[in-house]
Amino acid sequence: MGLYPKTIFYPMGDRGFLLEFGDEISREINEKVRRMALAVQAEAIESVIESVPTYRSLLIIYNPVILSIEDLKKRLKKIEGGLQTTPLPEPKLTHIPVVYGGIYGPDLEEVAMYQQISPEEVIQLHCSKPYLIYMIGFMPGFPYMGELPQALATPRLKTPRLIVPKGSVGIAQRQTGIYSMESPGGWQILGRTPVELFDPEKDPPALLQMGDFVQFYQISEKEFHDWNSQSA
Amino acid sequence: MEQVAAFEVSDPGILTTIQDLGRYGFSQFGVPPSGALDTFSLRVGNLLVGNREEEACLEVTLMGLKIKAMKEVVIAITGGDLSPALNGEPLEMWRTHLLLEGDAITFKKVKAGCRAYLAVSRGLVVPKIMGSCSTYLSGNFGGLEGRPLRRGDILYTLDIPSSLDKLGLRFPNDWIPSLEKEALLRIIPGPQDRHFTEKGVQTFCSSSYQVTPQCDRMGVRLEGPKIERRSDVEESIISEGLISGSIQVPGNGKPIIILTELVTGGYTKIATIISTDLPKVAQLKPGDQVRFKPISIEESHDLLKEQEDRLKNFKEILQQR
């Protein structure tokens, strides 16, 4: 079905309003989410305290004591009506170095076997094109990116790991992502990046943002270890 | 502004963190709000001691915290009844007290609820990260170095004399939320209630659920009758935003109440608890029972306005002193 002809407004409790733009992961729907998120931010509606943009929806958290839900809906619909004219910032491309395989990418061999290709081909495919960042979520700075080449689409682990190290680069179906912090997780881990994705002291705190692109490239184990001493 | 040592932590107890009303505006970077789970108690505590309602306080979980005053300070303790005591003598909650240097405050055992809030006149001073003092435990930032309090920690406040004119001030008794053994949590259905069968929704709204030991600042897992799902929809959805009070139902059909340390999720959500009932969720501990009752958006907004009017009234009472 893709992008809905008419956006669905779901109340999420007494302070949440979920704007659903479509029912699948697609660039068209995601771009609308991003446009709407930027336009809502720019409008700075006094009752809106947070907006959470994701793949296909935008969650607005608001204070109904300041603005009623009906009035908020009117404001949001008006913003949505003017979206075509909202310019989007030029997407940024960030190159992310990854050491693939071994202890850094414990699932590389497994994924290669699943796809009946060599580990080198898995790496080559993973580095073959830039990926769109659909959203940042799950944990601070974690980018959900896609689409992976069909030849790499691999299901999640049957049993999630209790600990996935910080910097781990994983894939799940046609998505790829980076664990910005140590956490439990079920994605197939291909490698690890030495790059810091999140720093609470920085503004903005996340290196990557929704709507931008990431290009992975391979580095050696030595380069991985030297990375932070070099850039410091 | 100058800061001054106000307390030394003699025993951090099970879990004590520094919290304010949360960190908003950063979810686009994957940053959840964090903040006090029982915001009503935190706000009242701050108002009692003459602070702005959003000042940083201690959120004390269950029992064991012991702190020693290093100077004269005015405090108030609100929230769950964890048997607060001053030098071993029971200390009345929901009112202000003056502590002298060397006085010890302890939280010995749980009488009712799960979390108490200790507000200090002039607030607790920690660096603001993205505009908030709240501790985000799984992100390791905010509050005191992003972690729970430890023995030997020193807590600071601003070096302005406490406002002693507020001493002995009480929050009106009939405005203090009561804590029942079975909490009735009012909900707004959706956004994925249609992913469940009519029977499933009926089960959810008519059964009593028990709080399991998996109960922390991220969420509360419940045990009880399985909620039946429609067979023609998938168990998971495309990841989307979460709000405190979201009720997720994963594949096993047992509800999970989402709290303040999560930002997005991919499980279906049958309903959302209204914000004025979230303080009740903050006071749940393993073994407690909950029931859910659907209400309309209009009712939920009336309840919120009622609560805000009470707080406004209380502020006016304070100003008249």
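Quick note on labels: first sequence line is chain A, next is B, and so on, each numbered from 1.
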Looking at side-chain heavy atoms only, is the closest gap between Leu262(B) and Met139(A) below 4.5 Å? no
So for Pro53(A), is it side chain, backbone, both, or neither that comes closer than 4.5 Å to the heavy atoms of chain B? side chain
Answer with side chain, backbone, both or neither: which region of Ile25(A) has an atom nearer than 4.5 Å to a non-hydrogen atom of chain B? both
Please find the pair of heavy atoms, one from Ser138(B) and one from Met181(A), that lie closest to each other, and give the distance. O-SD, 4.1 Å
Against chain B, label Leu59(A) side chain, backbone, both or neither, depending on which of its atoms sit under 4.5 Å from a heavy atom there. side chain
So, the part of Ile297(B) with a heavy atom under 4.5 Å from chain A: the answer is side chain
Got a second to check how far Tyr55(A)'s OH is from Ser239(B)'s OG, nearest 0.5 Å? 6.5 Å
Chain A contact via Ile129(B) - side chain, backbone, both or neither, heavy atoms under 4.5 Å: side chain
Mind checking the CD-CG spacing from Glu240(B) to Leu58(A)? Nearest 0.5 Å is all I need. 11.0 Å
Closest heavy-atom contact between Gly241(B) and Met12(A)? O-CE, 3.3 Å
Distance from Met135(A) atom CE to Phe29(B) atom CZ, nearest 0.5 Å? 14.0 Å
How many angstroms lie between atom OG of Ser275(B) and atom CZ of Arg15(A), to the nearest 0.5 angstrom? 5.0 Å
Is Tyr144(A) in contact with chain B via its backbone, its side chain, both, or neither, using a 4.5 Å heavy-atom distance? side chain
Please state whether the side chain, the backbone, both or neither of Tyr24(B) comes within less than 4.5 Å of a heavy atom of chain A. both
Report which part of Gln41(A) has an atom under 4.5 Å of a heavy atom belonging to chain B: side chain, backbone, both, or neither. side chain
With a 4.5 angstrom heavy-atom cut-off, could you sort out which part of Asp203(A) is near chain B: side chain, backbone, both or neither? neither
Part of Ser51(A) lying under 4.5 Å from any heavy atom of chain B: backbone
Distance (rounded to the nearest 0.5 Å) between Asp14(A) CG and Ile187(B) CD1: 12.5 Å
Using non-hydrogen atoms and a 4.5 Å limit, figure out which bit of Gln28(B) sits close to chain A: side chain, backbone, both or neither. both
